[in-house]
2 protein chains.
Amino acid sequence: MSENTAKFELILSSSKKLIEEIGFSSLTMDKVAQKAGIAKGTVYLYFKDKDDLIEKVLSTGFERMFDRIKRKVSEENGMVDKLKVLVNENINHIYENRYFFKTIFLDEVNVVFLKKKSKESFNLRRKRYSDFISEIIKSGMKSGEFRQDLNSPRAGYMLVSLIKSSAIYDFLNEKIESNPENIKNVTEEILNLFLRGITR
Amino acid sequence: MSENTAKFELILSSSKKLIEEIGFSSLTMDKVAQKAGIAKGTVYLYFKDKDDLIEKVLSTGFERMFDRIKRKVSEENGMVDKLKVLVNENINHIYENRYFFKTIFLDEVNVVFLKKKSKESFNLRRKRYSDFISEIIKSGMKSGEFRQDLNSPRAGYMLVSLIKSSAIYDFLNEKIESNPENIKNVTEEILNLFLRGITR
DNA sequence: TTGAATTATGACTTTTAAGTCATTATAATA
DNA sequence: TATTATAATGACTTAAAAGTCATAATTCAA
């Protein structure tokens, strides 16, 4: 595996662009090479195989998003406030990378294409994020901000899925433009439901 | 396209079993034929192509589930009660067909494999279900059972995703056994969150 | 400057599985 | 029973794309 970081990044970003354009299901190594302006063999100098390439596209994207969210969350004190900035930051990130996430979510890429090992890391990332949320909820239960009878890991997992499904809902309804108004609404609707439920 | 219903059903149920065993990504027409104990060419007498076969496996499964839920829901009057039986019935259905849904959810099959046309019908089914829920929520808003400031279509969509993600959560944590205790808990946790939120 | 080491190339091989169709078997009908 | 129509077969064709590797280009070190 060669060490040239610039070329590694070039292949990675070309793949990401391609995925936005044509989706995962049509992604081929030939197209990746063409998009990056290099030969197919070169791709294999930097990535073990196609699975490795996709896994790295997904994992670098996730780490970038997770770091960003963690930074913002750490600036808040109350658990309700932490959840608020978490949702806000997550939705913002999704909208800023909306064409990528549109493909991820609507194509439901997810783990189908990945081999066993990459499937596991996919689920591990999901778990790391929902565990992070679960800890906030646990603290909120201790502090009295949240109900005492919650199953915090499940609740954490549920919030992740609410965020995701809200974005899917918008993408399906063609609300893909990233205007602040829209983002503010989505964020509030998720938080409203998650914090207060639908009953009066 | 031949008319023999028994053979049609045989291929359909063999495919479903196979999907449970090996997942969508490894499903081949050769394996389907072998599982059904017939020749590959025969499969093509009853289904246009692989996409058609998968689409029919998914759509018949969905219709069965949706009918069952609608029947139960129609027996209730209050909107809260309707949502309660809806969630309960949906979770029950998922657990009764847990190996199928485990594959569907964890492999995240969804639409990846399907061609454009089938992708659309996949999203249409999802929409039919969330619209159905959305109508219940709208009635509940009118009757005063629910808050007035809800975005009912989005809320409907969110409930669908809460149900799905709860099942995924259990499957990921190996809680796949279908004991009534477990099902009761899951149902209650979903409803608790959706109706009341996490704050006190 | 030269030759060794590294990186890049893309035509080629391999694999896999979808879909076809000439042939055969079975069922229906007269 | 003979003839026609329908259903079934599976070897074969086709297609697509992953992955390889002998060769070429470039970079580096002496």
Side-chain angles (χ1 to χ4, degrees), chain A residues 1-58 103 107 109 111-119, chain B residues 1-58 103 107 109 111-119:
Chain A
M1 213 114 304
S2 306
E3 286 303 316
N4 183 340
T5 317
K7 193 145 280 179
F8 180 90
E9 295 292 342
L10 169 69
I11 298 170
L12 216 54
S13 66
S14 304
S15 305
K16 196 188 163 200
K17 271 181 223 150
L18 251 184
I19 288 165
E20 291 175 359
E21 288 166 19
I22 62 174
F24 278 81
S25 40
S26 321
L27 192 79
T28 71
M29 295 304 256
D30 283 285
K31 287 178 188 166
V32 167
Q34 194 186 28
K35 187 82 179 177
I38 57 178
K40 181 156 70 156
T42 309
V43 177
Y44 284 90
L45 295 177
Y46 293 88
F47 298 89
K48 195 176 145 285
D49 52 27
K50 190 185 175 185
D51 196 52
D52 182 42
L53 173 60
I54 293 183
E55 160 62 19
K56 279 182 177 131
V57 170
L58 293 175
T103 301
D107 245 32
V109 194
V111 282
V112 184
F113 291 107
L114 308 174
K115 291 185 197 139
K116 196 150 195 202
K117 216 185 147 196
S118 305
K119 270 193 198 188
Chain B
M1 212 116 304
S2 306
E3 288 301 317
N4 182 338
T5 317
K7 192 146 281 179
F8 180 90
E9 295 293 342
L10 169 70
I11 298 169
L12 217 54
S13 66
S14 304
S15 304
K16 195 186 164 202
K17 271 181 222 150
L18 252 183
I19 288 166
E20 291 175 359
E21 288 166 18
I22 63 174
F24 279 80
S25 40
S26 321
L27 192 79
T28 70
M29 296 303 258
D30 283 285
K31 287 178 188 164
V32 166
Q34 194 187 26
K35 188 83 178 177
I38 58 179
K40 181 156 70 154
T42 309
V43 177
Y44 285 89
L45 295 177
Y46 294 89
F47 299 89
K48 193 177 148 287
D49 52 25
K50 190 184 174 185
D51 195 52
D52 182 41
L53 173 60
I54 293 183
E55 162 62 18
K56 278 181 179 133
V57 170
L58 293 176
T103 301
D107 245 32
V109 193
V111 282
V112 186
F113 292 106
L114 308 175
K115 291 184 197 140
K116 198 151 194 201
K117 214 184 147 198
S118 305
K119 271 192 198 190

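What you see is a predicted model; the values in this text were computed from it and never measured.
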If each of Lys31(A) and Gly41(A) is mapped to the nucleotide of DNA chain D with the nearest heavy atom, which maps nearer the 5' terminus, i.e. the 5' end? Lys31(A)
Where at least one partner belongs to residues 10-28 of chain A, residue pairs that pass salt bridge (charged side-chain N to carboxylate O under 4.0 Å, His left out), sequence neighbours excluded: Glu21(A)-Lys35(A)
In whole Å, I'd like the distance from the NZ atom of Lys48(A) to the C1' atom of dT20(D). 14 Å
Any idea which heavy atoms bring Thr103(A) and Gly23(A) closest together, and the distance? CG2-CA, 3.5 Å
Measuring from atom OH of Tyr44(A) to atom CG of Asp52(A), what distance do you get when rounded to the nearest 0.5 angstrom? 10.5 Å
About how many Å separate CZ of Phe8(A) and CG of Leu53(A), when rounded to the nearest 0.5 Å? 8.5 Å
Leu53(B) CG to dG19(C) P, in whole Å, measures 10 Å
Separation of dT9(C) P from Ile38(A) CD1 (nearest whole Å): 6 Å
Separation of atom CE in Met29(A) from atom P in dT20(D), rounded to whole Å: 10 Å
OG of Ser14(A) to CG of Leu10(A), rounded to nearest 0.5 Å, is 4.0 Å
On the nucleotide dT20(D), are OP1 or OP2 found under 4.0 Å from the side-chain N or O atoms that Lys40(A) carries? no
Answer yes or no: does a side-chain N or O of Tyr46(A) lie under 4.0 Å from OP1 or OP2 of dA8(C)? yes
Measure CG/Leu10(A) against P/dT7(C) and give the value in whole Å, please. 16 Å
Considering only dA8(C), dA18(C), dT9(D), which nucleotide approaches the side chain of Lys50(B) most closely? dA18(C)
Which nucleotide in dA18(C), dA8(C), dA17(D) has an atom nearest any side-chain atom of Thr28(B): dA18(C)
Base, sugar-phosphate, or nothing for Leu27(B), non-hydrogen atoms under 4.0 angstrom? sugar-phosphate
Whole-Å distance between dC21(D) P and Leu45(A) CG? 13 Å
To the nearest angstrom, how far is Asp30(B) atom CG from dT9(D) atom P? 13 Å
Can you tell me which nucleotide in dA18(D), dA8(C), dA8(D) comes closest to the side chain of Asn4(B)? dA8(D)
Taking atom P of dA7(D) as reference, at what distance in whole Å does atom OH of Tyr44(B) sit? 19 Å
